[in-house]
Amino acid sequence: MIRVVACLAVILLHVSARSVYAYMAGEISHRYWFEAIVANSATRWAVPVFVMLSGAILLSKGVTWKEACRRRVPRMLIVLFASVVVYGLWRAFVVGDFEWGQYLLDAANGAPYFHLYFLYVMIGLYGIAPIVSNIVRSLDSRTLVQATLAYCVITCIVLTSGTATHSYSRNALTFAWDYVGYFVLGFLMLRFAKRQLWRFFVLGYLMTAVCVEACALLQGASWNWTLYAWTYFSPMTYITAIGIFGFLLSVNVSSAAAWYLRRLAPATLLVYLLHPMVLETVRKAYGFAGTPIANPSVEILITFVLTTGFSLFAALLLRSLSSIRRIF
């Protein structure tokens, strides 16, 4: 269930981002900006929760070098290569304003397309998973909690200072290090989170929305601190991610719902990879790709439904091919 819910949250995040940038460009009113904040602030936990889920699964059973080097890392490298090629062709023949040399440089830096950085994160985490797995097993529970908390705090401080100085940058080799805290948090919460944490989600969500709105009102939407609460390593996002992950762990779904979720979950990686192309195609179809939005609140809902539906249909169709299913 967590994979499916997080995947839906990623799509909503990217759909609502259009209104955020439209407001920054002066295309829509403050009312619609606020509606975009409401939607966007509710979804910033999605990528961290994907990482937490991976940590909960992998670190709980342990990861060997053989498994990491022979199966997990090579598989994700194939996924990354295929994604880079597909999105290169997409940018060249559909998006336009494209040059292969710059694109390959972007790919080397971990940013060939706005969502593909996640693949670099997972490749890095899979690569160091055996080390992390050995560490979490060698430490007693209290020390592990303290070490994880320290790692998250240091990461938060480093990324916050980067916001202040505009000096922090990542590349393909360093993406994963920032997410190690989330990776281990997933393992810890699976072991020790015995009660619902939905209050943390509500608190983090409200803190995020209020912070973004307050900064926008005080200094404008383009201020470098305005979108700070939406970064994945702000205190607000940590709180929100912990809350929603703990809540989803505690949810008991019916047998009927579980049946559908088990069949949808394996398609979430492909849905994640495909949805930007679907989103851009949908918006081009009704003319919102580069023009002011008439009614952003309606557009967000319609686009979310269409993007989710078509992305899921395409993913399930592709996974009907055994060669695709083995990799994706």
Side-chain angles (χ1 to χ4, degrees), residues 6 10 13-14 44-59 63 65 67-69 71-85 87-88 101-136 144 147-188 224-225 227-238 241 269 272-273 276:
V10 168
L13 186 158
H14 291 153
R44 286 288 161 173
W45 51 267
V47 169
V49 163
F50 268 127
V51 175
M52 292 170 74
L53 180 61
S54 296
I57 295 172
L58 294 181
L59 300 181
V63 184
W65 285 109
E67 178 186 2
C69 297
R71 187 165 70 90
R72 295 193 178 277
V73 172
R75 171 178 173 261
M76 291 305 294
L77 286 173
I78 294 172
V79 171
L80 174 62
F81 177 78
S83 299
V84 169
V85 171
Y87 273 94
Q102 182 59 49
Y103 179 72
L104 294 176
L105 180 62
D106 291 341
N109 287 325
Y113 219 72
F114 66 85
H115 69 310
L116 294 183
Y117 75 93
F118 180 71
L119 299 180
Y120 295 85
V121 171
M122 296 312 301
I123 290 170
L125 290 176
Y126 286 163
I128 63 174
I131 298 174
V132 179
S133 180
N134 289 333
I135 292 174
V136 300
L144 180 57
T148 304
L149 178 61
Y151 195 101
C152 292
V153 170
I154 292 171
T155 303
C156 179
I157 292 173
V158 170
L159 272 294
T160 300
S161 66
T163 300
T165 61
H166 303 279
S167 60
Y168 186 83
S169 62
R170 305 179 186 88
N171 58 51
L173 297 177
T174 62
F175 265 120
W177 295 109
D178 298 335
Y179 290 86
V180 172
Y182 280 120
F183 197 58
V184 181
L185 269 176
F187 167 76
L188 287 173
N224 61 310
W225 286 103
L227 303 185
Y228 165 73
W230 282 348
T231 62
Y232 294 144
F233 307 98
S234 71
M236 303 79 162
T237 304
Y238 274 113
L269 176 59
Y272 178 87
L273 294 174

K.L.:
Over 60° means perpendicular and under 30° means parallel, so classify the ring planes of H14 and H115, tilted if in between.
P.N.:
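Judged by the thresholds at 30° and 60°, the geometry between H115 and H14 is perpendicular.
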
K.L.:
Between A68 and P74, what is the shortest heavy-atom contact and its length?
P.N.:
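Heavy atoms of A68 and P74 come nearest at O-CD, 3.6 Å.
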
K.L.:
Using a 4.5 Å cut-off on heavy atoms from C-beta on, say whether the side chain of T160 contacts that of S234.
P.N.:
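Of all side-chain heavy-atom pairs linking T160 with S234, none is under 4.5 Å.
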
K.L.:
At their closest point, which heavy atom of P276 faces which heavy atom of L273, and how far apart are they?
P.N.:
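Smallest interatomic distance, heavy atoms only, reads CD-O, 3.6 Å.
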
K.L.:
Take the angle between the ring planes of Y228 and W225 and call it parallel below 30°, perpendicular above 60°, tilted in between.
P.N.:
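Taking W225 first and then Y228, their aromatic rings stand perpendicular (interplane angle over 60°).
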
K.L.:
With rounding to the nearest 0.5 angstrom, report the CZ to CE distance, R44 to M236.
P.N.:
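R44 CZ to M236 CE: 13.0 Å, rounded to 0.5 Å.
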
K.L.:
Working note: T155 + Y151, criterion side chain to side chain contact (heavy atoms under 4.5 Å, CB included); need CA distance, chi angles, decisive distance, verdict.
P.N.:
CA-CA 6 Å; T155 303; Y151 195 101; 3.5 Å; yes

K.L.:
Do the side chains of V136 and F183 get nearer than 4.5 Å, heavy atoms only?
P.N.:
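No. Closest side-chain heavy atoms not under 4.5 Å.
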
K.L.:
For G181 and C152, which heavy atoms make the closest approach, and how far apart are they?
P.N.:
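It is CA-SG, 3.7 Å.
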
K.L.:
Is there a side-chain contact between V73 and C69, using heavy atoms and a 4.5 Å cut-off?
P.N.:
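Result no, sub-4.5 Å side-chain heavy-atom pair not found.
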
K.L.:
Apply ring pair (Phe, Tyr, Trp, His ring centres under 6.0 Å) to Y232 and Y238, showing your working.
P.N.:
CA-CA 7 Å; Y232 294 144; Y238 274 113; over 10 Å; no

K.L.:
Got a second to check how far F233's CZ is from T237's OG1, nearest 0.5 Å?
P.N.:
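OG1 of T237 is found 9.0 Å from CZ of F233.
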
K.L.:
Got a second to check how far L116's CG is from L80's CG, nearest 0.5 Å?
P.N.:
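Atom-to-atom, L116:CG and L80:CG are 7.5 Å apart.
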
K.L.:
Applying ring pair (Phe, Tyr, Trp, His ring centres under 6.0 Å), can you list everything that pairs with F118, at least two apart in sequence or on another chain?
P.N.:
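Per chain and number, F118 pairs via ring pair (Phe, Tyr, Trp, His ring centres under 6.0 Å) with F50, Y272.
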
K.L.:
Could you give the distance from CG (D178) to OG1 (T231), rounded to the nearest 0.5 Å?
P.N.:
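Separation between the atoms: 10.5 Å.
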
K.L.:
Which pair of non-hydrogen atoms, one from C156 and one from P235, has the smallest distance, and what is that distance?
P.N.:
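Scanning both residues completely, I find the closest heavy atoms to be SG-CD, 3.6 Å.
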
K.L.:
For Y103, enumerate each residue passing the ring pair (Phe, Tyr, Trp, His ring centres under 6.0 Å) test, keeping only those at least two apart in sequence or located in another chain.
P.N.:
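Per chain and number, Y103 pairs via ring pair (Phe, Tyr, Trp, His ring centres under 6.0 Å) with F98, W100.
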
K.L.:
Say you draw a straight line from CG of L104 to CG of N109; how long is it, rounded to the nearest 0.5 Å?
P.N.:
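These two atoms lie 11.0 Å from each other.
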
K.L.:
How close do Y117 and F114 get, counting heavy atoms only, and between which atoms?
P.N.:
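Minimum heavy-atom separation between Y117 and F114: CD2-O, 3.3 Å.
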
K.L.:
Working to the nearest 0.5 Å, report the span between CG of L269 and CZ of R75.
P.N.:
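Between atom CG of L269 and atom CZ of R75 there are 6.0 Å.
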
K.L.:
For L144, is there any backbone N or O sitting under 3.5 Å from a side-chain donor or acceptor partner on T148?
P.N.:
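Judged by distance alone, yes, a pair lies under 3.5 Å.
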
K.L.:
L58 vs F187, test: side chain to side chain contact (heavy atoms under 4.5 Å, CB included). Steps then yes/no.
P.N.:
CA-CA 8 Å; L58 294 181; F187 167 76; over 6 Å; no

K.L.:
Where do L119 and S83 land on the side chain to side chain contact (heavy atoms under 4.5 Å, CB included) test, with the steps shown first?
P.N.:
CA-CA 9 Å; L119 299 180; S83 299; 3.7 Å; yes

K.L.:
When the side chains of residues 126-135 are checked against the rest of the protein, which donor-acceptor pairs come out under 3.5 Å, sequence neighbours left out?
P.N.:
from, atom 1, to, atom 2, distance (Å)
S133, OG, V63, N, 3.4
S133, OG, R137, NH1, 3.4
N134, ND2, P130, O, 3.2

K.L.:
Is the side chain of Y120 donor-acceptor paired with the backbone N or O of A107 at a distance under 3.5 Å, no angle test?
P.N.:
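Flag set: sc Y120 to bb A107 pair under 3.5 Å.
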
